[in-house]
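From a predicted model like this one, the values you see are computed outputs, not experimental measurements.
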Amino acid sequence: HEIGAAAQTATTSVDLGAGPNSRDPDLLDLSIQVTNSKTAKWRDSNVYLAVTENGLMTFVQRGENGGRTLRHSSVARSFGIIGRVNPQGASGGQLVSTLRLPREWKRENLRAVVFVQERETFRITGASVVDLH
């Protein structure tokens, strides 16, 4: 219930797009457009990127799950800050993050999750997801 309520009060719009890099086919460009609603005040915030992968499996050799194969979803392969919102004069912004995805990651199972989080309160004000295949 709380997650649904928080999603309804999002004040920041995060629009994502992913496409091949024009100079290197092994790279992927992620374009991010961050805008705030006209009624909301910008706060000092970080822009985070998580790259997740579905369809991973682990064979467990010992313990209570010994002999079983566990299936995982949305495993965070990469996570970090890729930008910052400075509230002085901010009306939104755009950034491009160029990703080099390791070959062992299955691109058809990858997603980029981008969210904006206030630095003082840790409140997430907006988020978006895009497939990376």
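Partners of Pro25 under the side-chain contact (heavy atoms from CB on, under 4.5 Å) rule, at least two apart in sequence or in another chain, do not exist in this structure. The side-chain hydrogen bond (donor to acceptor under 3.5 Å, both in side chains) search around Arg68 returns Asn65, not counting sequence neighbours. Qualifying side-chain contact (heavy atoms from CB on, under 4.5 Å) partners for Ser73, counting only residues two or more places apart in sequence or in other chains: Asn54. Looking at residues two or more places apart in sequence or on another chain, you find no side-chain hydrogen bond (donor to acceptor under 3.5 Å, both in side chains) involving Asp15. Residues meeting the side-chain contact (heavy atoms from CB on, under 4.5 Å) test with Asn21, sequence neighbours left out: Arg23, Asp24, Leu27, Asp29, Thr98. Ser78 pairs by the side-chain hydrogen bond (donor to acceptor under 3.5 Å, both in side chains) definition with nothing, not counting sequence neighbours. With sequence neighbours excluded, no residue forms a side-chain hydrogen bond (donor to acceptor under 3.5 Å, both in side chains) with Ser13. Taking Phe115 as the reference, Tyr48 meet the ring pair (Phe, Tyr, Trp, His ring centres under 6.0 Å) condition, with sequence neighbours excluded.
The shortest distance between side-chain heavy atoms of Val116 and Ile124 does not fall below 4.5 Å. Arg107 has its side chain within reach of Leu28: a pair of non-hydrogen atoms, C-beta onward, lies under 4.5 Å apart. Asp44 has its side chain within reach of Arg84: a pair of non-hydrogen atoms, C-beta onward, lies under 4.5 Å apart. You'll find the side chain of Val47 reaches within 4.5 Å of the side chain of Val114, heavy atoms only. Inter-residue side-chain proximity for His72 and Thr58 is flagged as met; some heavy-atom pair is nearer than 4.5 Å.
Separating the OG1 atom in Thr125 from the CG atom in Asn36 is a distance of 6.5 Å, to the nearest 0.5 Å. Annotation: the span from Phe79 atom CZ to Thr52 atom OG1 amounts to 12.0 Å, rounded to 0.5 Å. Considering OG1 of Thr11 and CZ of Arg43, their distance stands at 9.0 Å, rounded to 0.5 Å. Atom CG of residue Asn46 and atom CD of residue Glu118 lie 11.0 Å apart, to the nearest 0.5 angstrom. To the nearest 0.5 Å, the span separating CG on Leu99 from CD1 on Ile82 amounts to 8.0 Å. Asp26 contributes atom CG, which lies 9.5 Å from atom CG of Leu101 (distance to the nearest 0.5 angstrom).
Other residues, nucleotides and ligands place more than 12 heavy atoms under 6.0 Å from the CD atom of Glu104.
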Distance-only check: which donor-acceptor pairs under 3.5 Å involve side-chain atoms of residues 126-133, not counting sequence neighbours?
from: Ser128; atom 1: OG; to: Val14; atom 2: O; distance (Å): 3.3
from: Asp131; atom 1: OD1; to: Arg111; atom 2: NE; distance (Å): 3.2

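Each of Leu16 and Val113 belongs to its own hydrophobic cluster when Ile, Leu, Val, Met, Phe, Trp and Tyr are linked at side-chain heavy-atom distances under 4.5 angstrom. The hydrophobic clustering, which links ILVMFWY residues whose side-chain heavy atoms are closer than 4.5 Å, places Leu56 and Trp105 apart.
Hydrophobic cluster membership for Val60: Leu70 (Ile, Leu, Val, Met, Phe, Trp, Tyr linked by side-chain heavy atoms under 4.5 Å, directly or transitively). Taking a 4.5 Å side-chain heavy-atom cut-off between Ile, Leu, Val, Met, Phe, Trp and Tyr, the cluster of Met57 contains only that residue.
Among residue pairs with one or both ends in residues 49-62, those qualifying as salt bridge (charged side-chain N to carboxylate O under 4.0 Å, His left out) are Glu53-Arg77; sequence neighbours excluded.
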